Amino acid sequence: MNCEVCQLKELEVEHFEIREVLRCILHTIVFHRALGLVRPKDIDLELFDITYVQCGDIEVEKKIDEKIEQFVSWVEKHPNKKSEICLSFYEVKSKHPSWFTNKIERLDWEQWHINLNVTQHPKPKAHSGKSHHSKIVVDPGESASEERSVRRASLEVSLREVLFQIIKFVNEKKDHVPPITESVIYFPYEIHIPSSSDSAFGMDMLKRIIQTGHPTMLS
Amino acid sequence: MASSHSNTHTEGAKMEQIITEFFAKSLHIILESRSPYMSSRNYSGEQAIWSPSSSSSSSSGVRPRDKWFNLALKECPAALENPDIWRQSNLEPMVIDVILVQRPLVWDPVNCSPKKDFGRNISSKERCPFSWNSDQEELGCEAKTEKIIERWIVQYESRRLRDNCSGSRRSSNTLHMMYKKSVLLLRSLYATVRLLPAYKIFRDLNSSGQIRTFTLTHRVSSFFEPFTRREEAEMLLFGFTPVDTSCGRLCLSVVYRSSLSDISLESSTPMSTQFIPDYVGSPLADPLKRFPSLPVPHGSPSSLPFSRRHSWSYDIYKASSPSFSFSPSPTHSESHASISNPSSRRLPPMSLPPHPPETSSIHKKNTSFDEYYPSPNFTPSPSPSPPIYIPGNHLSKSLLRSESAPVSIPLAKLASSPVLSNRQNLPPSPPLKGTRYGNPRTDTSTGFVQIGASDEKLFSLGKDDIRKYSGMKISSNSSPRISFSRSSSRSFQDDFDDPDFPCPFDVEDDDMTDPGSRPESFDPRGLLCDPHEPGGLFPIRKSQDAAVGELVRMLKKAPPLRQDFSTSVCLSQDKMSSSSLQEQQASASIASSGLVASKTTADALEELRGYKEMKKDLLLSQAGRSNTSANDTCMQKSTTG
C-alpha cells in the first residue's frame, strides 16, 4: 500500500489563532477520512469567515482538542518557532507472525503535514510616545491594529487555500485509501505534535518514515 | 456462463442504482446549503437524536437515504421536489443553477410575501426561477435582477464497454472501489459547498432576520445556456476528480463567481419591532409577564425593580401589572411600571445593558414614587437608592441577590417560580401587619435604633421570626393576616384591573387605616435581608427610618396576638435567667422588625415575672404536698407500726 504524503501550505498564525486553525484543518482531514456513516456538523469559525465540517464523532472531537492543547502547551514553551503537526492514518498489521513473535505494527497509508509558523506580534497600543515626534507617522497603535487585520485577512485566504488543498488531495488520491468497513466510522489515525526537543521530533519523523515502509511496497 | 452473465447484470443494476443515488445525493448536498428557509441549517433536533457513534444499521434515526454514501444529511425538501425532472436517464446531466435574486430597495413587505418558495424546480429555463407571489409582479416587483452565481454540473459520461466484465469478482471490486470513491467525492463536495462564496449569502439569509433585498434560489434542469464571455470572465471553475466506473465516469464540477463583492448585497430596513410572544418572560412562558410590553428603559431591566428602595416588594409581587404604579398619577404609573415592570425581565439576563446610564431616570422615578407615599414620620429621601447593577446572571439569581433586603422566604420561592403566580410567595407582611407594639413609641425608637445599629442581627432574627410568625399567623383566622393574604392574592389578581391598588399588602381589613402608609409599611421587610446576603441592604438609612415608622404605626393598630406572644414568652422563659438582656434585645429587635409579640417588652417581662412567681408557688405547693404526703406516710407507718 502506498503512503501518500501531503504537505500543506505553511500558515503564519498568532498564538490565539492556533486552536481555530488547527481544529479547522484537522477536522476537515478527518471528515474526509471518516467514510463510515456520519452526520456532519457545520462549524463556523469565530476568527475567520470560514465554515468547516466535522464528522460529528465525539471521540474524534475530543482527541483533536487534546492534541491541540498539547500543541499549544508546546508552543508556549517554544515560542516563535516553526512547527509541524503530522496527522497520519494507519493500518494495524501483524508483521511476520510466528510462534515467538507476533509483532503488530502500524503502517501509515497517508500522512498530512500541517506547517505552522507561530508568531507573536506586538499588540496594538493606543498611545505611543513617539507619535508626537512626527506629524507624518501614523499612530503605531493604529498601524499595529491595521497590520493585525491585514494579517488576519491574509491568514483567512491562506486557510481557505489549505482547505482547498486538502479537498484536491482527497479527490486526486483515492486508490490508496483502504476499503470501507461497516463497523468503522473513521480510519484509525494519530496526531503527532512536536515533542519537547527538536531532536526527538526528528526521531519521531524518522520512525514514521520507517514505519510507512518502502513506497513501492504493496499490500 | 449464465451465472456470470446474471452477476454482471446484477452488478450493472447496482451500478445504475449507485449512479442514480449519486445524483440525488449531490443535489441534496448542494441545495441543502443553497436553498434558504427550506433547509434548516440549524436543524439540531434531528441531529441530536441521531448518534453517529452508533451502528449505522441499528440507528433508529437514520433514514434509508442517509445510508447512501454514509452521509446523513438534514432535511431538504428542495432536493426532493420533482425528483423525476432530471431523472429520465442517468446519461442526462443535472445542471443546478444557484441564482442570486436581487430586489429593488423599494419593497413593499406587505404585498411581497417573505415566504419564498425557493425550492421550485423547473425543467424549462424560460420559467421564472423563483416563485414570488403573482401580486408582487403586479405591483411592479419585476424590477429584480437575477444572476447565476453558481452552476453545478453532475453528469455520468458513459463509454463504450471495451471489455465486458469477465468475472463477478472483478466487477465487484470495481463496484466497491467505485462506491468508495463516490463516498470520497461527496465528502469533498460537502466541504466545498461551504467554502464557496455563495455559502456566505446562504448563511446570512438563514440566520438574519432582516429583510434582505436579495435572496437565493435555484434551478435544476438537464440542460443549460452557456454563459456569456463576460460572465465567464467572472467565473471560476472547480472540477472534482471523476469517479471511474466500469462503463463510464461520474463527473462533478462547479462554475462559480469568485467574488460577490461587486453585487450590491444590502439589506433593507430591519423588520419592524415585533412583540415576541413566546420570548423568555412572556406571558406564555412566564406568568409574570401577563401585561403588555411596556417601553423598558435602556438601563438594566432587572435591576430596575431593585433600585427602588421602598417598593421592592411591589416589584416582586406587583411588578407585572401594567397599571401597577407606585404612584396614582397616570403619568407616574406608566413610568413606574416601566421601571418596575418585570416585563423587563423578559429580556434575557445576558442581554442586560449596563445599568448606570439609566440611574438618573430610575432615581427620579423612585423619588416621585416616594413623594406620592410620604411617610408621616420620615421625609422622603431625595437621594434615591443606588442602582443595583445585576450582571448577566440568571434572573432568579439576580432577584435573590438584589432582593437580599427582602425576606428570604419569598426570595427562595421567587427563584424557583414566578412570584405573581404563586400566592404562597407572599411576603411576610402578615407578621408585620398583625403585630403591634405595646409601646410603639418607645419600642419604635428602640427598634429604630436597633434597626439602624444592628441590622444584621435584626435580619437574622427576623428571618427566623418570619418563618415562625408567618406560620403561626396563618393559622389564625381572626388576624388580618388572613385578610392580608387574601388581599394580597387579590392584589395579584387585581393588579391589572385596579390601578389604585398600589400595594400587595393593601387589604380589605379596616385595621389598615392609612392606605398611603401601606406601601411603606412593607419597607421594613426590605430591611429583613438574608443574613447570607450582606450586600443586599438598601443603604439608605432614611428609607429604613421611614419604614420603621410606618411599621410601628401599623403595629399600633394591629390587634394583639396574645397566643403568639404567650408562645414566644414560654420559649423565652426557659432562658430567662441568663438571657434577660438578650431577651430584651431580642424582643426589642423582634419588635422593631415587626415580627414581635403583640405586647411590649415591658409587658412581656411583667408576665414573665408573674409566671415565675406562679412557678415558684407551684413548686412550693408541690414541695409542701410532698412533705405533707411524706409526713402522712410516716405517720401512717408509725401508726401501723
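Below, chain A is the first sequence line, B the second, and so on; all start at residue 1. From a predicted model like this one, the values you see are computed outputs, not experimental measurements.
- The number of heavy-atom neighbours closer than 6.0 Å to CD of E46(A), taken from other residues, nucleotides and ligands shown, is 12 or below.
- By the 4.5 Å heavy-atom criterion applied to side chains, S188(B) and H32(A) are counted as neighbours.
- Here the side chains of L37(A) and F69(B) are not in contact, with every heavy-atom distance at 4.5 Å or above.
- Using modelled atom types, no side-chain atom of R194(B) and backbone atom of D42(A) make a donor-acceptor pair closer than 3.5 Å.
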Next on the checklist: Walk me through whether R203(B) and D49(A) qualify under salt bridge (charged side-chain N to carboxylate O under 4.0 Å, His left out).
Outcome noted: CA-CA 11 Å; R203(B) 197 179 55 189; D49(A) 189 16; 2.3 Å; yes
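- Comparing L184(B), L189(B), L71(B) by how many heavy-atom pairs each has under 4.5 Å with chain A, the most go to L184(B).
- K63(A) NZ: more than 12 foreign heavy atoms inside a 6.0 Å radius.
- Taking all atoms of both residues into account, the shortest heavy-atom contact from P40(A) to A72(B) is CD-O, 3.3 Å.
- Proximity of a side-chain donor or acceptor of K180(B) to a complementary backbone N or O of V177(A) within less than 3.5 Å is detected.
- At most 12 non-hydrogen atoms from other residues, nucleotides or ligands lie less than 6.0 angstrom from NZ of K200(B).
- Counting heavy atoms from C-beta on, the side chains of R187(B) and V53(A) never come closer than 4.5 Å.
- We find the CG-CZ distance between D66(B) and R39(A) to be 5.5 Å, quoted to the nearest 0.5 Å.
- In this structure, chain A has a heavy atom under 4.5 Å from the side chain of F238(B), while its backbone stays farther away.
- By the neighbour-count criterion of 12 heavy atoms within 6.0 Å, atom NZ of K82(A) is sparsely surrounded, having that number or fewer from other residues, nucleotides or ligands.
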Checklist entry - After noting the C-alpha distance and the side-chain angles of I180(A) and H176(B), does the key distance pass the side-chain contact (heavy atoms from CB on, under 4.5 Å) rule? => result CA-CA 9 Å; I180(A) 303 171; H176(B) 281 102; over 6 Å; no
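- Considering only heavy atoms from C-beta on, K181(B) comes within 4.5 Å of D175(A) through its side chain.
- Among residues 163-172 of chain A, the residues having any heavy atom closer than 4.5 Å to a heavy atom of chain B are, in sequence order, L163(A), F164(A), I167(A), K168(A), V170(A), N171(A), E172(A).
- Between L159(A) atom CG and L195(B) atom CG the span is 9.0 Å, to the nearest 0.5 Å.
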